[in-house]
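See structure below.
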Amino acid sequence: MGAGTPLRMAGGPGSVADAPDADGTLVEVAWAAVAGAGTGEVDGWGFTVEGFWCTVRPSTPETAPGPAPQPPAPEQGWKLHVSAASAAASKVLAAVAGVLAADPCPFKFTADREKLHEINSRNSERGSAGKFITVYPADEAQFRRIAERLHLATEGLPGPTVLSDRAYAPGSRVHYRYGAFTGRAELGNDGAYRSMLTGPDGTRAEDVRSASYRCPPWAVDPVEGRGSTGSGAVPRARTAGVLLGGRYALTAAVRHSTKGGVFLGRDTVNETEVVVKQARAHIEVDRSGTEARTALRHEAALLARLDGQQLAPHPVELVEQGDSLFLVQERIPGQPLGTWVASRLRRDGTPDVDWAEAGPMALALVDLVERVHAQGLVLRDLSPGNVMVRPDGGLRLVDLELAAPAGGTAGSAGTPGYRAPEQGPASTSTTAAYSADLYALGGLLFLLATGHDPLLPDDLPAARPVAERLGRWLELAARSGGTAQRLAPLVLALRAEQPEHRWSLTQVRDALADPAAVPTASGAVRTADDTAPPATGTTPAERGTPAEDVVGRLIRDGLRHLAAGATPERSDRLWPVVPAGQLTDPCNVQHGAAGVLALLARAAVTPALPEPERELARSAARSAAEWIERRCAAEPVVLPGLHFGRSGTAWSLLDAAEALAEQELADRAVTMARRVPLHWPNPDICHGAAGSGLLQLRLYRATGSAQYLDRAVECARGLLDAAQREPYGVVWPVPKTFDSGLAGATHLGHGHGVAGVSAFLLAVHDALPGSESVLSDTPLGDTRISDTKLRDTLLAAAREGAATLAATVRYDGAGAWWPQSADDPAAVKLAHWCSGSSGIGSFLIRLWRSTGDGDAHGLALAAGQAVLDGRWHSGVCACHGLAGNGEYLLDLAEATGESRFRDGAEQLAELVTARAALRDGLLVLPDETGTGCAPAYGTGTSGPLAFLLRLRHGGPRLWLDPLSAPVPLPVPLPVPDRR
């Protein structure tokens with residue numbers, strides 16, 4: 001309920017027609033209802049559109065001709081949510097607004113019908129789904145009056161159940177829960193904002209918006225008394241005890257979603273295993289508004305139509321219970337195709353499933369699609385999760401709710417990466433055509449050839465030819481993958497943008513059936529000896545563009561994209577963010593502006609870049625630094641972490657100050673840094689004390705002041721005290737009692753565990769003056785040691801950390817892999833910076849360089865081999881993708897001089913560049929979703945850009961080497977020594 005765009009109904013500035021993001025129809029409905037319930041006037045009522053919502057506030061003391069002025073809304077209390085099916089939105093909104101006009105209190109509703117569709121869609125979060133209108137009563141007396149009146153006014157109108165709330169009455173559109181009204185969201189210990197509630201005794205608790213009703217322990221339910229029983233037909237907590245239809249015992253939940261759960265079960269009559277799919281009322285499964293129960297009935301009819309043909313599960317029964325419909329069907333033993341592929345990918349530097357298995361699977365997929373098409377049906381959602389591979393290798397289709405008769409009208413639908421362009425989200429309806437399944441089949445063959453879903457950001461405003469978009473990726477895979485070499489031309493032929501240009505199933509089958517001939521996308525045939533990969537690009541010049549030129553363009557265009565995408569006029573975020581980062585601190589490194597600023601600052605001092613790009617970087621960095629400082633000034637919580645806290649923010653501001661030669665900015669960065677706590681329950685780099693310690697070393701480098709080395713030592717002593725021992729070695733766990741999602745975690749990696757803490761302790765050791773003392777025998781956990789022995793104690797701790805990593809390593813061939821935690825299943829082998837080989841190796845190679853430790857050297861090399869072996873099966877980002885892994889290979893190349901690691905970094909860069917999109921003429925990299933281009937460092941495009949910048953122009957690695965300066969070294973800033 002914040003400030004936004006105020007509306008008037010008359011034309012001219014401020015009218016509904018001029019309001020951004022507003023749907024005039026819905027706003028007019030609410031306006032008319034407010035006016036019609038009283039004197040016909042709405043003076044004193046405020047209508048404000050802000051983002052997703054239109055907020056309506058009742059009369060104020062200055063402008064209240066009718067209803068009595070309302071007191072300020074409380075910070076928390078009992079709120080009401082009213083749901084509505086999209087078709088009934090106007091009726092529900094008019095009824096609600098009419099009730100609230102007579103008994104005024106603030107309320108809000110989705111600002112347009114498209115946003116209501118999002119609220120009601122299968123893709124909405126379970127805790128938010130169905131919340132069309134939110135009402136904020138002033139007190140419990142008003143709550144009781146309004147709840148009853150709203151229930152009566154909306155009785156009989158359709159709408160979904162709100163899972164986070166309790167229904168006011170059975171079948172009611174009115175729901176309620178206790179929660180925050182106007183209280184400011186607070187920054188939690190993990191770096192994400194959360195709404196907090198305050199009990200009568202001052203106790204603080206998070207306002208959790210989950211998919212079940214919760215009542216705070218101090219609050220009395222105003223309708224039913226105390227309690228927190230969940231709503232919905234099959235509450236998650238008691239799935240295993242449900243007997244559906246008096247016959248089907250639900251034994252486990254496979255997954256939960258807004259449209260309903262999928263459960264494993266047992267038919268108690270004949271003791272067979274079944275799968276049960278739930279469809280909740282008035283949840284929409286496509287943009288045309290198809291309701292989930294209608295879609296499930298449609299799927300049941302299709303299963304009946306295909307029954308007995310070994311194509312899909314046998315349908316058992318449809319059961320209605322409450323407002324949900326359940327489809328009971330045969331359980332197909334086996335695994336989804338995506339899992340089947342993942343289990344067959346090799347860690348040997350090859351990208352694909354071996355042809356001995358991929359070839360028969362490709363033919364089986366063609367056969368499966370051909371048999372469905374023979375029934376006159378179009379699948380419309382042919383994707384790895386919807387194809388089951390039986391133990392005998394046979395295929396079965398599951399989740400047929402989007403299938404439709406060929407030629408019929410159907411809503412837009414499909415899985416990203418497999419959905420044909422003509423049935424994408426831009427259209428509300430399309431004609432079901434066989435060609436859509438051909439496009440999806442090309443995606444499945446791509447999966448066999450690369451181990452990846454064919455996810456790429458959309459080219460905007462127009463898409464390039466498929467040979468240019470996917471061709472480079474496939475060309476790289478075909479260099480070392482036999483399956484990729486065979487399937488690449490078929491993929492390109494099936495993935496044509498225009499449906500009429502896609503190959504037929506007959507063409508695909510003929511190409512697969514002849515092992516001596518490999519067809520090209522043009523329809524010609526080349527023999528198996530002609531192994532030239534498919535060409536990419538649209539002109540000979542483009543096809544011959546050296547990779548280095550592509551990297552240079554990506555850096556230049558990436559900087560332009562960052563500068564153009566900044567929104568300094570907004571107070572919430574400077575740049576867009578991936579979905580996982582939407583609630584996080586907008587000034588941090590992982591998801592926020594600080595990581596982008598660090599890249600801009602590095603670009604600004606990279607002399608090999610053209611001056612226009614350097615000036616662009618300086619200008620964008622100056623603007624970003626100003627925005628970060630404004631935003632940080634409004635945030636009282638100061639967290640220590642380097643990637644999720646203020647340590648990274650202060651570090652990036654200091655980088656910017658040096659790049660811009662701005663003394664006052666440097667002073668303010670130091671002031672911010674001094675507020676960062678040195679001791680914290682979480683010991684790690686990303687969220688905790690080790691991240692704060694690295695910042696102190698960065699300050700020491702910038703200022704030369706010993707006080708910051710002293711602060712780093714203080715932080716290191718706290719971490720020595722926090723060390724604990726397990727049978728496999730020393731660890732730094734997060735306390736179980738800490739208010740954090742990581743509470744109780746004992747990780748091994750660089751971002752959250754042993755490697756990162758050990759790397760910080762080693763860095764402090766390297767920063768301290770040399771000591772002639774013998775290594776201390778003082779055990780970790782007891783820092784009552786003389787200062788003369790501190791340096792040796794820090795080194796001993798780092799060595800013990802390396803021993804822990806040696807004890808928990810898992811080898812696959814010559815590659816060294818690690819799990820997230822020592823007790824993870826043996827099959828878990830991770831390779832990335834936050835958890836896995838590249839992050840752990842980043843510490844080990846620094847230990848070797850500092851001490852000459854041969855064991856650390858060997859493990860670091862083996863970690864590098866793991867990164868090389870697993871390069872095909874990663875995203876592009878820095879935290880857990882190719883950019884972070886490539887940075888480690890550059891570390892190895894610099895430390896060892898071995899060309900294979902530099903060559904490997906170039907190979908990773910090729911894989912990164914192959915996934916770029918063309919946005920308004922700029923070549924832009926994807927973020928961790930594979931389909932967006934959010935700029936963040938850890939999860940977005942700035943991390944990969946930093947890797948490419950270092951690959952081409954050198955310099956130390958961001959965030960890992962606080963005592964190293966960029967190359968060339970900027971003029972040191974004489975930051976005052978403020979004690």
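In this text, all values refer to a predicted model and were calculated from it rather than measured experimentally.
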- Message: Go through it in stages, so that I can follow the logic: the residues are Asn682 and Asn189, the test is side-chain contact (heavy atoms from CB on, under 4.5 Å), and I'd like the CA-CA distance, side-chain angles, deciding distance and then a yes or no.
- Response: CA-CA 9 Å; Asn682 185 332; Asn189 290 329; over 6 Å; no
- Message: Quick one, Arg717 with Thr793, criterion side chain to side chain donor-acceptor pair (under 3.5 Å). Give me CA distance, side-chain angles, the key distance, then yes/no.
- Response: CA-CA 10 Å; Arg717 287 183 182 275; Thr793 301; over 6 Å; no
- Message: Before you tell me yes or no, could you show the steps for Gln707 and Arg674 under side chain to side chain donor-acceptor pair (under 3.5 Å), namely the whole-Å CA-CA distance, both residues' side-chain angles and the distance that decides it to 0.1 Å?
- Response: CA-CA 11 Å; Gln707 67 167 311; Arg674 289 184 63 84; 2.6 Å; yes
- In sequence, state the C-alpha distance, the side-chain angles, and the governing distance for His747 and Cys834, and then conclude on side-chain contact (heavy atoms from CB on, under 4.5 Å). CA-CA 10 Å; His747 289 174; Cys834 55; over 6 Å; no
- I would like to know whether Arg602 and Glu658 meet salt bridge (Lys or Arg N to Asp or Glu O under 4.0 Å); could you show each step before the answer? CA-CA 10 Å; Arg602 178 62 58 86; Glu658 291 180 345; over 6 Å; no
- Query: Asp891 and Arg950: salt bridge (Lys or Arg N to Asp or Glu O under 4.0 Å), yes or no, with the steps?
  - Reply: CA-CA 11 Å; Asp891 289 351; Arg950 182 183 174 208; 2.7 Å; yes
- Message: Could you walk me through whether Thr703 and Tyr708 satisfy the side-chain contact (heavy atoms from CB on, under 4.5 Å) test, starting with their C-alpha distance in whole Å, then the side-chain angles of each, then the deciding distance to 0.1 Å, before giving a yes or no?
- Response: CA-CA 9 Å; Thr703 66; Tyr708 297 111; 3.4 Å; yes
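Listed by chain and residue number, Glu569, Arg570 satisfy the side-chain contact (heavy atoms from CB on, under 4.5 Å) test with Thr567 (two or more places apart in sequence, or in another chain). The side-chain hydrogen bond (donor to acceptor under 3.5 Å, both in side chains) test applied to Asp766 returns Ser850, not counting sequence neighbours. Looking at residues two or more places apart in sequence or on another chain, you find a salt bridge (charged side-chain N to carboxylate O under 4.0 Å, His left out) between Arg618 and Glu611, Glu615. Residues satisfying the salt bridge (charged side-chain N to carboxylate O under 4.0 Å, His left out) criterion with Asp853, sequence neighbours excluded, are Arg799. With sequence neighbours excluded, no residue forms a salt bridge (charged side-chain N to carboxylate O under 4.0 Å, His left out) with Glu75. Take Glu626 and apply the salt bridge (charged side-chain N to carboxylate O under 4.0 Å, His left out) test, not counting sequence neighbours, and it matches no residue. For Trp833, the ring pair (Phe, Tyr, Trp, His ring centres under 6.0 Å) partners are His643, His750, not counting sequence neighbours. Taking Arg177 as the reference, Asp207 meet the side-chain hydrogen bond (donor to acceptor under 3.5 Å, both in side chains) condition, with sequence neighbours excluded.
Listed by first and then second residue, the ring-ring contact (aromatic ring centres under 6.0 Å, His included) pairs involving residues 647-679 are Trp651-Trp959 (not counting sequence neighbours). Pairs of residues two or more places apart, or lying in two chains, that qualify as side-chain hydrogen bond (donor to acceptor under 3.5 Å, both in side chains) and include a residue from residues 586-597 are His591-Thr939.
Leu847 contributes atom CG, which lies 11.5 Å from atom CG of Leu761 (distance to the nearest 0.5 angstrom). With rounding to the nearest 0.5 Å, the separation of CG in Leu600 from OG in Ser619 is 10.0 Å. To the nearest 0.5 Å, atom CD1 of residue Ile840 and atom NE2 of residue His832 are 12.5 Å apart. With values rounded to the nearest 0.5 angstrom, Leu562 atom CG is found 5.0 Å from Thr941 atom OG1. With rounding to the nearest 0.5 Å, the separation of CG in Leu695 from CE in Met672 is 10.5 Å.
Using a 4.5 Å cut-off on side-chain heavy atoms (C-beta onward), Tyr888 and Phe947 make no contact. Within the 4.5 Å cutoff, side-chain heavy atoms of Val764 are placed close to those of Phe760.
Between Tyr937 and the options Val596, Leu599, Leu958, a side-chain contact (heavy atoms from CB on, under 4.5 Å) holds for only Leu958. With Val731 as the partner, the side-chain contact (heavy atoms from CB on, under 4.5 Å) test is satisfied by one option alone out of Thr808, Val757, Thr746: Thr746.
For Trp732 (side chain) and Gly753 (main-chain N/O), no donor-acceptor pair under 3.5 Å exists by modelled atom type. Of the possible donor and acceptor atoms, none in the side chain of Glu800 sits under 3.5 Å from a partner among the backbone N and O of Gly729. In this structure, Ser835 contributes its side chain and Gln820 its backbone to no donor-acceptor pair below 3.5 Å. No side-chain donor-acceptor contact under 3.5 Å links Ser942 to the backbone of Gly938. Judged by distance alone, with hydrogens and angles left aside, the side-chain atoms of Ser623 form no donor-acceptor pair with the main-chain N or O of Ala620 at under 3.5 Å. With hydrogens and angles ignored, the 3.5 Å screen pairs a side-chain donor or acceptor of Trp818 with a backbone N or O of Leu805. Checked by atom type and distance alone, the side chain of Asp927 pairs as donor or acceptor with a backbone atom of Ala934 at under 3.5 Å.
A pairwise comparison of heavy atoms in Ser164 and Ser210 identifies CB-O, 3.0 Å as the closest pair. Of all heavy-atom pairs between Ser758 and Ala797, the closest is OG-O, 4.5 Å. Across all non-hydrogen atoms, the minimal contact from Ser874 to Asn885 is OG-ND2, 4.2 Å. For the residue pair Pro769 and Arg791, the shortest heavy atom distance occurs at O-CD, 3.1 Å. Taking every heavy atom of both residues into account, Arg711 and Ala673 meet most closely at NH2-O, 3.9 Å. Heavy atoms only, all atoms of each residue included: Val730 and Gly801 are closest at CG1-N, 3.7 Å.
Salt-bridge check for Asp739 with Arg194: passed, with a basic side-chain N closer than 4.0 Å to an acidic carboxylate O. Contact check on Arg209 versus Glu125 returns no salt bridge, with no Lys/Arg side-chain nitrogen under 4.0 Å from an Asp/Glu carboxylate oxygen.
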Indicate every side-chain donor-acceptor pair of residues 629-640 with a distance under 3.5 Å to a residue at least two apart or in another chain.
{"unit_1": "Glu629", "atom_1": "OE1", "unit_2": "Arg668", "atom_2": "NE", "d": "3.3"}
{"unit_1": "Glu629", "atom_1": "OE1", "unit_2": "Arg668", "atom_2": "NH2", "d": "3.0"}
{"unit_1": "Glu629", "atom_1": "OE2", "unit_2": "Arg668", "atom_2": "NE", "d": "2.5"}
{"unit_1": "Arg630", "atom_1": "NH2", "unit_2": "Pro568", "atom_2": "O", "d": "3.3"}
{"unit_1": "Arg631", "atom_1": "NE", "unit_2": "Ser571", "atom_2": "O", "d": "3.1"}
{"unit_1": "Glu635", "atom_1": "OE1", "unit_2": "Arg184", "atom_2": "NH2", "d": "3.4"}
{"unit_1": "Glu635", "atom_1": "OE1", "unit_2": "Tyr193", "atom_2": "OH", "d": "2.5"}
{"unit_1": "Glu635", "atom_1": "OE2", "unit_2": "Val637", "atom_2": "N", "d": "2.8"}

Under 3.5 Å, side-chain donor or acceptor atoms of residues 686-694 against the rest of the protein: list the pairs with distances, not counting sequence neighbours.
{"unit_1": "His687", "atom_1": "NE2", "unit_2": "Asp190", "atom_2": "O", "d": "3.4"}
{"unit_1": "Ser692", "atom_1": "OG", "unit_2": "Pro677", "atom_2": "O", "d": "2.8"}

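Using a 3.5 Å distance cut-off with no hydrogens or angles, the side chains of His880 and Glu928 do pair a donor with an acceptor. Counting only N and O atoms by type, the side chains of Asp823 and Ser821 include no donor and acceptor under 3.5 Å apart.
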